[in-house]
Amino acid sequence: MAPYDVTAWGKGIEVAVSLGIGFSFGFILERAGFGDSRKLASQFYFRDMTVLKVMFTGIVVAMVLLFWAVFLGFVDYGRIFVNPTFLWPGIVGGFILGLGFIVGGYCPGTSLVSAATGKLDGMFFVGGVLLGIFVFGEAAPQFWDFFEGAGEGARATLPEWLGLPTGLVVLGVVLMAVGAFRAAEWAEGLVARRAQRRQDAQP
């Protein structure tokens, strides 16, 4: 049963698969325009919601395909690794990451795409990411109790948390995505109309 253990195929195959996945992911990000900090920052001003649309589409497609693969017996869901859940550290870390996204215009992945295409702001952002990793690693022992005392769930998923059937949760997430897409298009249109009215009002 999948997921398959590529490490059993040899080190060379493992490296090739990893490089292929990484290159493909970076290529898709660049083709989607995510190597441009201006496009990414526009998300927070509701001028261009491409980030939400592309990322949410990827999440929903992967979720639906995985659900059907498990349902049809192609994938053993019990063998899929789910990171342990540390709720409050995750919330704090997400807030810090989001703040850095707003200030710098990149997340760690998109900054690497930008740097790989020769953009100076992307290179500086990658340098900041590496510095942040070093500082975090050095300071982690000072707040390790926060991590350990925050509560760990060995395998926390939405169906388990909500106590609902997996299929119903999948349907709910798909409907939520459709609603988010519609809301994003409405916000883009509203911002564009306001900008047009300001432009028309100028002498």
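- Among pairs with a residue in residues 53-62, those fulfilling side chain to side chain donor-acceptor pair (under 3.5 Å) read Lys53-Glu188, at least two apart in sequence or across chains.
- Under a hydrophobic clustering in which Ile, Leu, Val, Met, Phe, Trp and Tyr are joined whenever their side-chain heavy atoms come within less than 4.5 Å, directly or via other members, Leu65 and Ile59 fall into different clusters.
- Linking Ile, Leu, Val, Met, Phe, Trp and Tyr whenever their side-chain heavy atoms come within less than 4.5 Å puts Leu72 and Phe67 in one cluster.
- The number of heavy atoms from other shown groups lying within 6.0 Å of CE (Met55) does not exceed 12.
- Between Phe181 and Trp186 the shortest side-chain heavy-atom distance does not fall below 4.5 Å.
- Shown here for Ser37 and Gly104, the closest heavy-atom pair between the two residues is CB-O, 4.2 Å.
- Screening residues 104-133 for ring pair (Phe, Tyr, Trp, His ring centres under 6.0 Å) gives Tyr106-Phe125 as the qualifying pairs, with residues at least two apart or on separate chains.
- The side-chain contact (heavy atoms from CB on, under 4.5 Å) search around Leu164 returns Leu162, Leu168, Val169, not counting sequence neighbours.
- Using a 4.5 Å cut-off between side-chain heavy atoms of Ile, Leu, Val, Met, Phe, Trp and Tyr, with links allowed through other members, Val54 and Phe101 fall into the same hydrophobic cluster.
- Closest approach of Leu97 to Pro108, counting heavy atoms only: CD1-CD, 3.6 Å.
- The aromatic rings of Phe71 and Trp68 sit perpendicular to each other, their planes meeting at more than 60°, with 30° as the lower class boundary.
- Met123 and Ile133 end up in different hydrophobic clusters when Ile, Leu, Val, Met, Phe, Trp and Tyr side chains are linked at under 4.5 Å.
- Considering SG of Cys107 and CZ of Phe34, their distance stands at 9.0 Å, rounded to 0.5 Å.
- With sequence neighbours left out, Ala180 forms a side-chain contact (heavy atoms from CB on, under 4.5 Å) with Leu52, Phe56.
- No side-chain heavy atom of Leu66 sits under 4.5 Å from any side-chain heavy atom of Met63.
- Smallest separation of non-hydrogen atoms from Val60 and Ala177: CG2-CB, 3.6 Å.
- Using a cut-off of 4.0 Å between Lys/Arg side-chain N and Asp/Glu carboxylate O, Asp121 and Lys119 are scored as not salt-bridged.
- Considering NZ of Lys39 and OG1 of Thr110, their distance stands at 13.0 Å, rounded to 0.5 Å.
- Side chains of Tyr45 and Val191 form no contact here, defined as non-hydrogen atoms less than 4.5 Å apart.
- Residues Met49 and Gln43 have side chains in contact (heavy-atom distance under 4.5 Å, counting atoms from C-beta outward).
- Closest of all the heavy-atom pairs between Gly105 and Leu40 is O-CD1, 3.0 Å.
- Under the 4.5 angstrom side-chain criterion for Ile, Leu, Val, Met, Phe, Trp and Tyr, Val178 has no cluster partners at all.
- For Ile102, the side-chain contact (heavy atoms from CB on, under 4.5 Å) criterion is met by Phe44, not counting sequence neighbours.
- Atoms CG and OG1, from Leu112 and Thr117 in turn, are 10.5 Å apart once rounded to the nearest 0.5 Å.
- Under the 4.5 Å side-chain heavy-atom criterion for ILVMFWY residues, a single connected hydrophobic cluster contains both Phe25 and Val51.
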